[in-house]
Amino acid sequence: MINRFIYGFCASMLFSNLLPSLLPIWMASITLIIVLVTFKKWSFISGTLFGVLLVSICFNSLFSSQESNIPVKKQFKAEIVSLVSVNSDWISFDIRLLSEQSRFYDHYYRLIWQQPPELKVGQTWLLNARLKPITSPLNQGGFNQQKYLLSRHIVAKGTVKQGELVAYFAPFRQTIIDNLTPVLRSLDNSAVMQALLFGDKSLLSKQQWQQLRQTGTGHLVAISGLHLSVVFGLFLLLSRGMLFTCWPHSSRRNLLLSMLIATVFALGYGYLAGFAISTQRALVMLLALVILTMVNQYASTWQRLIWALFAVLLIDPFASLSAGFWLSFSALAIILLTIDYTSLQQQTTLSQESDSTDCIDSVDSNREQLSLYQRFFQDHQTRFRRLISQCKAFIVVFWAVQWRLALALGLVQAVLFGTFSFHSIWVNFLMVPWFSFVVIPLSIIALVLNLLLMIMPIPQNWSYILGETVMQLADLSLSPFQWLIGFSDAWPLALVRLPDNLILSVAFFILGLFLIKWSVHKTWQVVSSLLCIPFVMLTVQHWTLHHIDQFQHAVNEPIITDATLKPIHWQAHVIDVAQGMSVLLQQGNRGVLYDTGAAYGESFSYAERAIVPMLQAKGLLN
């Protein structure tokens with residue numbers, strides 16, 4: 001019953017952005033009564049209605065009467081929560097309102113301040129600003145800033161006209177960052193270290209972001225499930241080893257204590273990362289696994305995934321608007337399901353190998369007749385065979401996870417961003433183990449040692465030298481990664497931009513193959529095979545036109561004329577470039593563009609932000 005309620009809740013929350021309208025606030029009590037009445041008999045429907053009710057209440061709470069009157073000039077008291085970007089004469093930052101509290105959520109604004117005073121996270125200001133709605137140009141293939149800001153609970157944008165500093169209470173996280181900034185700035189890979197330790201990716205240059213996208217390794221520098229799992233596992237092993245060495249006990253006490261210690265370190269790491277959305281999702285999943293282990297409760301992979309999804313959506317109903325949400329849970333689903341699937345396949349092989357090993361040991365049962373050297377050699381030979389089998393099993397599971405992650409997340413990335421990286425499989429196959437066993441442990445150990453040096457009674461000069469030396473070891477481990485992605489600019493097919501029709505056809509093709517494999521009846525297999533037809537037709541059409549064009553250039557004589565084929569109709573696309581007027585006339589794979597919109601210096605251009613993604617989505621520009 002509970003599971004069906006959770007399924008209905010998750011389904012309604014995931015697809016709530018497809019609803020034509022949300023529930024009005026006066027229907028909240030009626031809907032709640034229906035949810036309670038249908039909970040026992042129709043749990044799925046009850047969960048679905050509860051999801052619609054929750055997202056409606058949260059949306060009405062965010063967009064209250066104060067936001068309905070904008071654009072307006074307004075004075076308010078606010079706290080700076082993050083610095084988004086800094087330019088030569090202006091700064092963009094996010095604030096949390098203190099003068100007007102929301103019923104369920106705090107109100108967040110994204111503001112721009114030209115020629116501002118020194119701004120820091122944790123400062124409280126009395127600001128006069130002109131606010132406007134969070135509208136943004138909406139074009140095919142373009143970035144939906146409105147959805148992005150809403151996923152971060154930002155309900156308005158604005159420009160600061162005047163401000164007065166009221167108070168400054170530096171958060172503990174910001175104090176740590178300020179103290180470690182001089183150490184990090186002396187490193188060669190300071191931007192990546194800042195992202196790994198504190199989740200601050202603002203120092204990464206455009207070239208670095210491009211290299212990360214080309215190699216599909218952006219997830220390695222964004223604190224998520226991989227990093228938290230490594231931190232949890234590292235301190236679980238250390239604390240468990242210390243407890244079993246210094247305070248041995250036959251019960252589960254040491255295991256539970258070590259899990260609590262590892263959880264505290266994982267939460268501290270999440271706090272230093274600013275509890276970003278991806279970090280929150282990974283922490284919820286990790287806490288769910290820890291709780292299930294502590295209460296000694298078995299749960300299948302699917303149940304653990306659904307419960308984590310339920311917890312994330314219950315805490316933040318707008319999480320599904322974020323692209324990182326779909327990437328994170330897609331990765332979790334692929335990893336957990338693949339591990340379970342491959343583990344079941346390998347259990348039979350491992351059991352057979354163990355049986356054969358036992359048979360070999362039973363043949364030589366008269367161990368007393370063997371010499372000490374022969375018995376030692378026999379025991380270590382058996383252990384070596386088992387170790388080789390376990391290593392093979394690990395490599396098989398790791399490779400199965402990697403190629404599935406590369407293909408599935410590549411498809412999700414293509415749907416969300418219109419790009420695909422062909423080199424992500426082998427690059428991640430090399431770099432994920434390197435980060436898991438070398439980079440992340442060294443970085444966390446360096447961070448913990450630097451924090452200990454900050455509170456220990458050591459002279460400041462010695463503390464700085466020791467902290468810098470330890471941090472340089474972690475920085476040195478990043479050199480192979482930076483060296484590898486530095487060559488990605490010269491790789492062929494480093495980052496392919498795909499048109500929308502190709503993305504949809506490939507998605508249907510993969511779905512069709514999946515259904516064909518898992519369908520029981522032949523009828524369903526035939527029906528599922530119909531999903532593969534669009535991709536096959538598109539491939540044949542592209543191949544035919546490509547070879548016809550090559551032949552026409554070779555003989556210098558047109559083969560396809562208006563008499564042999566029906567004329568391709570013209571299509572007119574009006575592109576949203578705010579106050580400008582941009583029109584695209586398209587015929588097949590060619591087009592005519594009228595106007596490119598406005599541009600504001602080198603920092604912003606509608607041609608780059610709106611028109612180029614539109615042309616790429618239509619297949620007119622590679």
Side-chain angles (χ1 to χ4, degrees), residues 6 171-173 175-177 195-199 219-220 222-301 303-316 319 324-325 328-329 331-333 335-336 339 432 435-437 439-452 454-455 474:
I6 292 176
F172 181 65
R173 171 178 177 266
T175 302
I176 294 175
I177 294 175
L196 283 175
L197 297 180
F198 305 115
H219 63 98
L220 295 178
I223 298 177
S224 57
L226 173 66
H227 305 73
L228 290 171
S229 300
V230 172
V231 172
F232 180 84
L234 174 65
F235 288 101
L236 178 66
L237 293 176
L238 293 176
S239 58
R240 189 176 182 182
M242 293 179 61
L243 288 173
F244 276 94
T245 302
C246 304
W247 197 19
H249 203 274
S250 58
S251 65
R252 299 176 70 240
R253 182 195 63 187
N254 287 347
L255 175 62
L256 297 179
L257 286 176
S258 59
M259 293 187 70
L260 285 176
I261 294 172
T263 303
V264 169
F265 276 97
L267 289 173
Y269 184 50
Y271 169 74
L272 291 179
F275 286 122
I277 295 176
S278 58
T279 308
Q280 293 177 18
R281 289 191 289 268
L283 282 173
V284 169
M285 186 67 181
L286 182 62
L287 291 175
L289 294 176
V290 171
I291 293 172
L292 290 174
T293 304
M294 286 185 171
V295 299
N296 205 15
Q297 178 68 37
Y298 172 77
S300 64
T301 300
Q303 286 178 322
R304 285 177 286 174
L305 189 63
I306 291 296
W307 290 347
L309 179 64
F310 172 75
V312 169
L313 293 176
L314 186 64
I315 296 172
D316 184 9
F325 168 86
S328 298
F329 271 98
L332 280 174
I335 292 172
L336 294 177
I339 290 175
V432 169
F435 267 73
S436 301
F437 297 107
V439 175
I440 299 177
L442 283 178
S443 301
I444 297 303
I445 292 173
L447 175 63
V448 173
L449 291 178
N450 274 273
L451 294 179
L452 291 176
M454 288 170 54
I455 61 177

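Everything numeric in this text was worked out from a predicted model, so none of it was measured.
- Between L260 and V264 the shortest side-chain heavy-atom distance does not fall below 4.5 Å.
- Within the 4.5 Å cutoff, the side chain of F325 has heavy atoms near those of the L309 side chain.
- Contact of the R240 side chain with the N254 side chain is not registered, since no non-hydrogen atoms from C-beta on lie closer than 4.5 Å.
- If you take CG on L257 and CG on L243, they are separated by 6.0 Å, rounding to the nearest 0.5 Å.
- What you find for I223 and L196 is that their closest heavy atoms are CD1-O, 3.3 Å.
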Residues 439-446 side chain polar contacts: donor-acceptor under 3.5 Å, at least two apart:
unit_1: S443; atom_1: OG; unit_2: V439; atom_2: O; d: 2.7

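- Here the side chains of Y271 and L267 are not in contact, with every heavy-atom distance at 4.5 Å or above.
- Closest heavy-atom contact between A319 and L313: CB-CD2, 4.5 Å.
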Problem set entry | Check against side chain to side chain contact (heavy atoms under 4.5 Å, CB included), T263 and L287 | CA-CA 8 Å; T263 303; L287 291 175; 3.5 Å; yes

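- Every residue was checked against the ring-ring contact (aromatic ring centres under 6.0 Å, His included) condition with F232, not counting sequence neighbours, and none meets it.
- H227 places a side-chain N or O within 3.5 Å of a backbone atom of L220 that can act as its donor or acceptor partner.
- In this structure A311 satisfies the side-chain contact (heavy atoms from CB on, under 4.5 Å) test together with V284, sequence neighbours excluded.
- Residues satisfying the side-chain contact (heavy atoms from CB on, under 4.5 Å) criterion with S239, sequence neighbours excluded, are S258, I261.
- Partners of F235 according to the ring-ring contact (aromatic ring centres under 6.0 Å, His included) rule, which considers only residues two or more places apart in sequence or in another chain, are F265.
- Here S436 pairs with L226, V230, V432 under the side-chain contact (heavy atoms from CB on, under 4.5 Å) rule; sequence neighbours left out.
- The minimum heavy-atom distance between G270 and L228, with the atom names listed, is N-CD2, 4.4 Å.
- Of the inter-residue distances, the one linking N450 atom CG with I176 atom CD1 reads 11.0 Å to the nearest 0.5 angstrom.
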